[in-house]
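Worth saying up front: this structure is predicted, and the values here are computed from it rather than measured.
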Amino acid sequence: MLDGEFAALSKGAAHGQYAFWLGSGISRDRVVGLDGVLAKLLEFLRVHSTAAASCGYRLALEKIIDMAAPSADERAGIDLAQPASTWPSLKSILKRLWNQYSAVLSVEIPGEKLDYLLWVGLDFPHTFGAQSADAEHLAIGMLALEGVVTELATANWDGLLEAAMQELGYDGTFYRITVTGEDLRNPAAAAILYKFHGCALRAISDERYRPLLVARSAQITGWKSNETFKIVRDQLGALVQRSRTLMIGMSAQDENIKHLFASMNAQKGWKWTDQPTPIVFSAQELGDNQKNVLIGAYGEADYEAHRDEICRAARLQAYAKPLLLGLLLHVLAAKLEVLASDAQAANLDQAARTAIAEGIKSLRDRVADAGDADRPALARAIAAGLARARHQLQNGASAVGMQTYFPLDGEPVHRMKNKLALKSSGQREAAVALGLIGLEEQAATWVSTIDDPADPRTGALRLTSTNASTRIFFAANDDTVTSLLDAGAFDETDDDAVVICSGRVSERQQRSPSAAMRSGALGPRYVAFGPMLGGAADLDELRDQFRGEVGL
């Protein structure tokens, strides 16, 4: 879809044109989902209920069950003496309560604080405390580090986006976490994360943030006029005007969200005909709340006249995990294509450049196919594999363990073209080499895989033919090659290492004049790829020389 029907969206995302609006759907496999929250609350009230007519817990439980309007048969199957999980009608009840969660959390227990059901009933500090990031959060973190998403808005309380950034090697200063206007006055950060319904980690660690958890109906309604949130409200209103919106895992059921997007039309903002599409939902089918967002944003008249076209363009039928991983792979490949297109190679025409780009895409698709069975593992493999390769290429470093994520570039794709800072980075030549590797894989010359990214002797790739297997290392220049030797990534006796240097390579034997002679080993193969690229008469000659140097 990202290469076809939604190619304009994927290009727009790679160019930093979309702000991400994130809902509970991105955290379902890590934090208890809304249905789980409701089930947990029902069980809490059931356990604390007594037979007394005045029991506040029992009255609250009965009130919430009534909200689901159970049939007589469903009501008969509810046995308060048994765990809620055993009720035959539980799934149906939870489904009907889904869009009423704020009303459910508004139910009061006499003598307790208004947020009692949220804080105590759901055991908030444990339910929404520290958790391990999932594929969605890691993919979003890498997209943020690559500079293509710099503003995110979420109704989620959890700290999974922050956990992902920590796992990628960055501290809490990368995201500017914003709940109130005061938070926006903190030091500048690479990306702003608007947690407009509150932040669990802050609420747990700082009592001042507990009242800022927006959950109850009165809070959601009041958010639109609460002075505490005015600056954030204004910033989000401006965000929907200046950036396109990609909603992921969000049903948009809350009135304050719909109100924000209705202001788009009131201020003569985006039109439904604008390209790429201004508002897109990651959803199999659009729900009424999502359609109401489109009506509010584009106006009733335009929506009514063009509803089928508007809804078709706004519905990207992919769930959060595949969509975010797909976008990440698209962005990385698009950046590599720009790098490859800027590499100095006077004799490579546009057809050759296009073929190299296709080689990069073929590797992208191999990664997707290879990792689709375990998407969290795929996200971590992308992060670790790219980090290992980038630290080796740029710094000649190859330390033990997982390395800090090293983005291809901290700016969107279009701002990388002809960027002076990239000229001597070695990345342009390395990107061309990756394209050639992909082309040769398509031709069945070899198969590419990766080894353990935590192992300091792992290269960027492993290439395997019918005759041999070799590790591929990328190095920006000759000094980087020396640093890789010093770091122990490979040594002068390793026959299974190919080092692709973006520049010239000095005679390696000068550094270890007798090591290979004593052992009889041929040692690593060093490829001076920059000069090869500059001297090749055409793509066919370049491929022949490259295959010969790799030696498989």
Evaluate the side chain to side chain donor-acceptor pair (under 3.5 Å) criterion for residues Y405 and E146: first the C-alpha distance (whole Å), next the side-chain angles of each, then the deciding distance (0.1 Å), finally the verdict.
CA-CA 10 Å; Y405 184 81; E146 293 290 346; 2.8 Å; yes
D183 versus Y209, side-chain donor and acceptor atoms under 3.5 Å
yes
Listing request: all salt bridge (Lys or Arg N to Asp or Glu O under 4.0 Å) pairs with a residue in residues 245-262, at least two apart in sequence or in separate chains.
E255-K258
Looking at [X] and [Y], what are the two nearest heavy atoms and their distance?
| X | Y | value |
| --- | --- | --- |
| C311 | L294 | SG-CD1, 4.4 Å |
| L80 | R46 | O-NH1, 3.0 Å |
| K271 | P278 | O-CG, 3.3 Å |
| A252 | M247 | CB-SD, 4.1 Å |
| L236 | A153 | CD2-CB, 3.9 Å |

Side chain to side chain donor-acceptor pair (under 3.5 Å) for S27 and H137? Distances and angles first, verdict last.
CA-CA 8 Å; S27 300; H137 313 95; 3.1 Å; yes
Does the [X] side chain pair with the main chain of [Y], one donor and one acceptor, at a distance under 3.5 Å?
| X | Y | result |
| --- | --- | --- |
| K321 | A135 | no |
| Q403 | G401 | yes |
| Q241 | A238 | no |
| R388 | P453 | yes |
| S243 | V240 | no |
| S282 | I248 | no |
| Q290 | G287 | yes |
| Q219 | R216 | yes |
| Q253 | N289 | no |
| Q100 | M67 | yes |

More than 12 heavy atoms of other groups within 6.0 Å of [X] [atom1]:
| X | atom1 | answer |
| --- | --- | --- |
| Y57 | OH | yes |
| E300 | CD | no |
| K91 | NZ | no |

Among R202, K195, R176, find the residue that satisfies the salt bridge (charged side-chain N to carboxylate O under 4.0 Å, His left out) test when tested with E162.
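It is K195; the other options fail the test.
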Cationic N near anionic O, under 4.0 Å, E151 to R242:
yes
Are E74 and R96 within salt-bridge range, i.e. N to O under 4.0 Å?
yes
Could you measure the distance from the CZ atom of F196 to the CG atom of N156? Nearest 0.5 Å is fine.
8.5 Å
Enter the distance from L239:CG to I192:CD1 here, rounded to the nearest 0.5 Å.
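Those atoms lie 9.0 Å apart.
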Does the side chain of [Y] come within less than 4.5 Å of [X]'s, by heavy atoms?
| X | Y | value |
| --- | --- | --- |
| D234 | I231 | no |
| P187 | T173 | no |
| S263 | H259 | no |

Could you check, using the six-membered ring where one of them is a Trp, whether W21 and F261 have ring centers closer than 6.0 angstrom?
yes
Tell me if the centroids of the rings in W272 and Y303 come within less than 6.0 Å of each other.
no
Before giving the answer on ring pair (Phe, Tyr, Trp, His ring centres under 6.0 Å), spell out for W157 and F124 the whole-Å C-alpha distance, their side-chain angles and the decisive distance to 0.1 Å.
CA-CA 10 Å; W157 302 311; F124 191 92; 5.7 Å; yes
Looking at N226, T228, D206, which hits side-chain contact (heavy atoms from CB on, under 4.5 Å) with L212?
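Only one of N226, T228, D206 forms a side-chain contact (heavy atoms from CB on, under 4.5 Å) with L212, namely T228.
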